[in-house]
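A quick write-up on the structure given underneath.
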Amino acid sequence: MALQTNNSNPDDHPLNLFHIQKSTLIINRLYILFHSIAIILIFYFRINSIITILNSKTQPLIPHLLIFISELTLTFIWILNQACYWRPVTRTVFPERLPEDENLPPIDVFICTADPRAEPPLGVMNTVISAMALNYPPEKLCVYVSDDGGCPVTLEAMREALKFAKIWVPFCNKYGVKTICPAAYFTGQKEIDDDVVVDSDDGFEAEKCRVKEEYELFGEKVSKASESERCISNKDHSAVVEVMVDHESKHNQTKLPLLVYVSREKRPFYPHHFKAGALNALLRVSSLISNAPYILGLDCDMYCNDTNSARQAMCFHLDPNLSSSLAFVQFPQSFHNLSKHDIYESELRCTFKTLWRGMDGLKGPCLSGTGYYLKREALYELPSMLEDMINLEELKQNFGLSNEFIRSLFKKCNTKIDCKNKLFDELLLQETKHLASCEYENDTKWGKEVGFRYISVAEDYFTSFNMHCKHWLSVYHMPSRPSFLGSCTTNLNDLLTQGTRWSAGLMEVALSRYSPFFYGPSRTSILQSFCYAWMAFLPTTFVFSWIIAIIPQLSLLNNINIYPKVSNPFFFVFVYVFVLSNLQHMREIHSTGASLHAWKHEQRVWMVKGITSHLYGSIHAIMEKIGVKEGNFLPTNKVINEDETKLYQMGIYNFQTSSIFLVPLCSLVTLNLLTFAVAIIQITFHKVHFNDVFMQTFLSFYIVLMGYPVLEGMMLRKDKGRIAPNVSCYSVIFSVFVLSFGKLLVTLF
Ligand SMILES: O=c1ccn([C@@H]2O[C@H](COP(=O)(O)OP(=O)(O)O[C@H]3O[C@H](CO)[C@@H](O)[C@H](O)[C@H]3O)[C@@H](O)[C@H]2O)c(=O)[nH]1
Ligand SMILES: [Mn+2]
């Protein structure tokens, strides 16, 4: 039998399969065709009107030009985006066909945390414990925590976490618990119901109670320490590396993954490159300790929700047809605190259910910061170097001066981590601290050509773009049970702050010499470059959003028609584009199993981000480019606030955010409301003809409809989450100002 298996063709029993979604592919391509024809007709109409105006000088040119610019921006983004719809695929895996446990490769788990105030240590520890409980040989797992907060409470919490893991992991193994994150297991009824309990009569309930008590004790200890004054970020300290040693292991039969705490050196005025810098420090430190060939990357709030993700990922990494060119397997980001009224579109539904599947049909999805199994080698760029004669000087220029680290590049991973002989080695620990020091990266290629890349705060996006440009592939796997669950943004402030950071990070790349539109096509496929370029240039849609919310309205009030009359055949082309694109959006939503309410929420969030995050992110990136501002990575808040959660769960907007976000939003909605009111009055009293102004009036109406929650927050609500009266006041003054002086703008030329 054994002989037969060895000789059999692995293609008969593949570890994974992929399926092209044929019907979706056909619909998407037909849509692209019809929409493109309509866009060409609109451009024809625009150019024609502009030429007519230039010749006849009967109307001011500027509003027509501005609207044309906005349409060009949107079309540019639309074209790039279509690449993500070109060839959607889905994948299936067969973990039962994997080799025996002893032949599975080791995995290092990297968990990053940065700020104990925004990221409560108990949440971080739940992520750590869930990773330790993965269904994978424990001697082949090593869990590293990078603490950019340099906080002693996090270190203590880890020691406690190790103690609790010794109870938790055996419990999960014994009873086949699927929800391996203790906080989720003991609080989330839904997940527990899914759990299959092996041998349920075997004292399960009693043991569950005991484990629960232990968890509560552990939770109390950590929470108490988190409330103390010591629980703050320290931005000025030397490197700390601690390998958590289980002193009782002699008496304890259970094997647990090794746990390592790393807090790289931090000094004020020393650039530390945020998360990418933290990950690079982890890459180096771990290379001396376990040096696993694969890395599972997790954000501190993203716990493992399925025990099997590592084995599923190995179905791709160990596939002989894929292995040599596969850089990473990306799992979707899913969230445990989503509301069924996801008013902030925190689910990122389209990205993780449609776009990444589309990219998977090209060269593979973009790295998403968390929930990926990455091949270490893909960050080192070693293959070509190995072929040449090994040049030590060159290696040191690339990787820094540590001989130990350079040696690790050529060493096979330590298939079994030998705590007894190695880790107590003081010299080795000293070397890991050197590798985690501020100065180690000076004059090396870290962040430039080696490791996670620096020039953007969207390090995940930029690093994977670099990998795809170096001919690596990636794979997207979306099992029915979410493999990882994190906490999503549940208020407008977090949403827009995070959105601004993402926009800044993406625009940093768009404006750099790595701009995907130019840098990509010769290095990876054109369609793949389009997907990356789409993300990089997405923030530029602020141009469209701002123009469409102001110019047609000002034109309407000043009797300038920038859209065709109802009787004009081009009118139907505009209607057709509007209806067709919305139908396609609805079809896409339906195909992912979401309700059509998502359509409303997504349209709204798109408009809101266009007006705020995309604009501010772009400004930030431009200011960085000209050297007047520095990059910034403010971690998203992960503290649960009950009032906020309640509002989010009920689908009510929480407008407690900075006026820098609110004033533009309120002003533009008010401006559209006023315009709409004036237009209706004018139509009613026959001052203008409905036929002439239908489109501009409808546009204002649509914006008011989409912006209704803002008006409600300004005028009707009395609760804490409403818009403050002074913000409303400024906004009304600002919109009246724009309406009064806008005449100058639209009639000047
Ligand atoms: O200086 C820093 C800043 C952040 N982080 C960690 O990075 C992770 C992601 O930060 P978060 O604030 O949760 O960012 P999100 O906006 O939710 O993250 C998305 O977008 C980021 C890029 O902007 C990616 O890094 C993330 O993986 C991705 O989930 C967290 O674990 C942080 O602790 C650090 O380690 N060091
Ligand atoms: Mn996050």
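Both backbone and side-chain heavy atoms feed into the values below; hydrogens, waters and symmetry mates do not. Numbering starts at 1 and runs along the sequence shown.
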In chain order, what residues pass the ring pair (Phe, Tyr, Trp, His ring centres under 6.0 Å) check against His477, with sequence neighbours excluded?
-> Phe316, Phe331
Please name all residues satisfying ring pair (Phe, Tyr, Trp, His ring centres under 6.0 Å) with Phe734, sequence neighbours left out, ordered by chain then number.
-> none
Is the ring pair [X]/[Y] parallel, tilted or perpendicular, if the boundaries are 30 and 60 degrees?
X: Tyr380; Y: Trp446; answer: perpendicular
X: Tyr31; Y: Trp78; answer: perpendicular
X: Phe574; Y: Tyr563; answer: perpendicular
X: Phe465; Y: Tyr461; answer: parallel

To the nearest 0.5 Å, what is the distance between [atom1] on [X] and [atom2] on [Y]?
X: His468; Y: Met359; atom1: NE2; atom2: CE; result: 6.5 Å
X: Ser735; Y: Leu673; atom1: OG; atom2: CG; result: 9.0 Å
X: Leu699; Y: Gln553; atom1: CG; atom2: CD; result: 5.5 Å

Salt bridge (Lys or Arg N to Asp or Glu O under 4.0 Å): pairs with one or both residues in [range], sequence neighbours excluded:
range: residues 358-374; value: Arg91-Asp360
range: residues 510-524; value: none
range: residues 446-473; value: Lys275-Glu459

Output yes when Arg284 and Glu441 qualify as a salt bridge under the 4.0 Å nitrogen-oxygen rule, no when they do not.
-> yes
Listed partners of Asn442 passing side-chain hydrogen bond (donor to acceptor under 3.5 Å, both in side chains), at least two apart | Tyr270
Report the C-alpha distance between Phe578 and Tyr702 in whole Å, list the side-chain angles of each, state the deciding distance to 0.1 Å, and finish with yes or no for ring-ring contact (aromatic ring centres under 6.0 Å, His included).
-> CA-CA 12 Å; Phe578 179 77; Tyr702 187 71; 5.3 Å; yes
